[in-house]
Every structure is written in C-alpha cells, then in structure tokens.
2 protein chains.
Amino acid sequence: MPLKADLDAIDWKILRELQQDGRMTNVELSSRVGISAPPCLRRVRRLEEAGIIRGYRALLNAPALGMDVVAFCLIGLHHQADAELKTFAERTRGWPIVRDAWMVSGESDFLLHCVASDLGAFQTFVIEELASAPNVDTVRTALTIRRVKDEGLVAFPA
Amino acid sequence: MPLKADLDAIDWKILRELQQDGRMTNVELSSRVGISAPPCLRRVRRLEEAGIIRGYRALLNAPALGMDVVAFCLIGLHHQADAELKTFAERTRGWPIVRDAWMVSGESDFLLHCVASDLGAFQTFVIEELASAPNVDTVRTALTIRRVKDEGLVAFPA
DNA sequence: CGCTTCGCGCAAGAATCTTTCGTGATTTTG
DNA sequence: CAAAATCACGAAAGATTCTTGCGCGAAGCG
C-alpha cells in the first residue's frame, strides 16, 4: 500500500491529469506523463488500490438540472458528546439535499453543503428538518450567489 | 442544447451512474440504463455538449497525500461593490490552498474551501495572505475534524 | 562481482469505442 | 386520416484502446 513517500514525479503528474480530466484515456494519459501505456495503467491501478484515488465522478451542472439553490449551513448542537455528534452525522446522510457534510471545530459543530431546487424547498428543509432535528441549537445559513472558484484540485508540490 | 425538460428517465439514470462512477465504460453504462451502447454514448455526448455534464474528476485522498488540514473560511469585506467583489474573487483563484470558493449572502461575503498540508501552512495562509489582503474585514475559520458525508451527488427526482 | 528486484516498453489478443446504416415508432403536416 | 418527416434505437464493422505476458536494462544488496 504505497503512501505519499512512495510517489514519484510521474505519479504526481498522473494525479494532476486525472483530477482535471478523470475520463482521459490511458494512452492519452501515458503520453502526457511521458511513459508508455502499460506502466501508466499499472500506476493508476496502484493508486486506486492504495486508496489515493478514491473514485471518479462526473460533475453536473446543477442549475441546468433545475437545482437553483446552493447554500451552506453552519449547525451548532446543544450537546457535543461523541454519541450526539454521531447521531447528527448519521442524520445528515439521510437528507438528500445535503451534498456533503463536515464536522468542524470553532463556533459551529457541523457544516453542510446543500443543493435544492428552489428557495422554497431549501427553506422547508431548514425549518422543518434541520432546525427541528433533535439537539440542534443554532442554524446559520449562507446562500451562495455564485461559484467563484471551482478547481476542486488539491494543491501539488512543484 | 437540451435543458432539464428534454431529459427523460434514461438520461437521469445516466447522470446518476456517472456521478457514482465517472469512469464506467460505455457498455457497462448502457447495460445499466437499459439501452445499447451506441445510443447511450450519443446521450452522454449530448449531455456533455449541453454542459449538463461539466467534466470528470478523479477524487483524491487528501490525507494520504500529506494534505492533513481541510478548513472553511468565511470572509467579510469592507466594501461590497461589484468591483471589490470581483477583485477578491479573482484573488482566490491565485491561492492554491483554496480548492473552491463561493460568493455568499448573509453575514459573510465569501466562503472558501481550503486544503493545506498542515496547520502551520494553513495559519500562514490565513494570516499572511487572507487577512492581509486588501479590503478584507473579517475572517472566520472552521477547521474540519472529519468528513461526515461525501456523496457530492445532486439529489434526483424519483 | 553476481544475484535479486523492480519498472519500463514491445507485442498480441481481448475488450471497448465509434461510426454507419437500416428499421420502427412517433409526430407533423397536408 | 394518410403521407411524410423526424427521431432514436440497435446491429454490424472498423478503429482505437485496454490489458496481459514477456524480455530487457538499471539500480540495490550480499
């Protein structure tokens, strides 16, 4: 199971390319990173099996699909014992509006990235689901106006 | 240029499958959605050209790559005129630590999703870059403890 | 020095992609 | 209502890509 230390410059190039275009063919990828196709594919497989590449996703255009509202919610709980945190974390997984969620430290306990079809759907979710969930103390929401940066890329050495 | 209204049940299935596995072969995809390969590929191409599929990304395991700190920053500016907002938005694109950024409404003006190698690197960024950038008024940070939900999927009808 | 280990790259077979084309169903039009 | 046009599906075939199995040369080690 290779870790960061086992990666050489070619592996980093592979990761960078696949982050930008996850559907690139292996021959295209191999020529970009400067080796032939077979060893390139072996490297990709190894990165996948090591869990360094967690998967591949198509990125969708939410507004074009009728999902016009993107918002973030900062949640504070009344009690932050381990059991309560796990309970709320589990609850977020049952809410389809929540795309991804983080447990955070600071003024709030959770940060939720939400996508909804319209403001009404989002407000219904906030009021009837989120704010009325057990143990929820505070809910602060930030509606997004527009996406300003969308790389989703992790910064790389060199 | 097809929009939401032009999508049928098969298109939605395609989007759902490609969201879960963006590298699925077209034959596999076609069998999953119940049509043969050629029309399936045509549908995918059309979704790409329409901008409904914005691209494909490999998801990387940041901690395994030595990026141990994921944090969110809420930024408030002194002045929120259009020019100032654009200037700050442009600045976020030059910071490699910032994975993606949103302009938001509410108490803050921007929300930044950041990934750094360690706390020191993140704090250096916050103090020397973010807080000292022109027009920045307030910076609130929330360090993530762990990822609680990671679908990244948009919710679908049915 | 010789052995082992490792990864690259060639080559070949298998799988996939992609185009072309004919067919049937639905819609539009006269 | 019928004829024409439009549309998308699916079969078939050629081009591309994937994937595996070796041989080779370069390091690392006893």
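Letters A, B, ... mirror the listed sequences (proteins, then strands); counts begin at 1. Treat the numbers as computed from the prediction; the structure is a model and nothing was measured.
For B:R54 (side chain) and A:L60 (main-chain N/O), a donor-acceptor pair under 3.5 Å exists by modelled atom type. Within the 3.5 Å criterion, the main-chain N or O of A:M67 finds no donor-acceptor partner in the side chain of A:S117.
Direction change of the helix axis from one end of the helix from C:dC1-D:dG30 to C:dG30-D:dC1 to the other is 30°, with five pairs defining each end axis (rounded to 10°).
Of the side-chain N and O atoms in B:R43, none sit less than 4.0 angstrom from OP1 or OP2 of D:dA8.
Between A:R46 and A:E49, none of the side-chain N atoms (NZ, or NE/NH1/NH2) sits under 4.0 Å from a carboxylate O, so this pair counts as no salt bridge. Checked for salt-bridge contact, B:E28 and B:R32 meet the test: a charged N lies under 4.0 Å from a carboxylate O. Classification of A:D11 and A:R43 as a salt-bridged pair holds, one side-chain N sitting under 4.0 Å from a carboxylate O.
As rounded to whole Å, 10 Å separates atom C1' of C:dG7 from atom CG of A:D8. Remark: C1' of C:dG9 and CG of A:L29 are 16 Å apart, rounded to the nearest angstrom. At whole-Å resolution of the value, CD1 in B:I10 and P in D:dA8 are 12 Å apart.
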Per-nucleotide protein contact string for nucleotides 14-25 of chain D, where B marks a base within reach and S marks sugar-phosphate only (heavy atoms under 4.0 Å, - for neither):
---SSSB-----
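In this pair, B:W102 and A:F72 present their aromatic rings perpendicular. The plane angle is above 60°, beyond the 30 to 60° band.
Side chain to side chain, B:Q80 and B:D109 meet the donor-acceptor criterion of an N or O pair below 3.5 Å.
Here A:F125 pairs with A:W95 under the ring-ring contact (aromatic ring centres under 6.0 Å, His included) rule; sequence neighbours left out.
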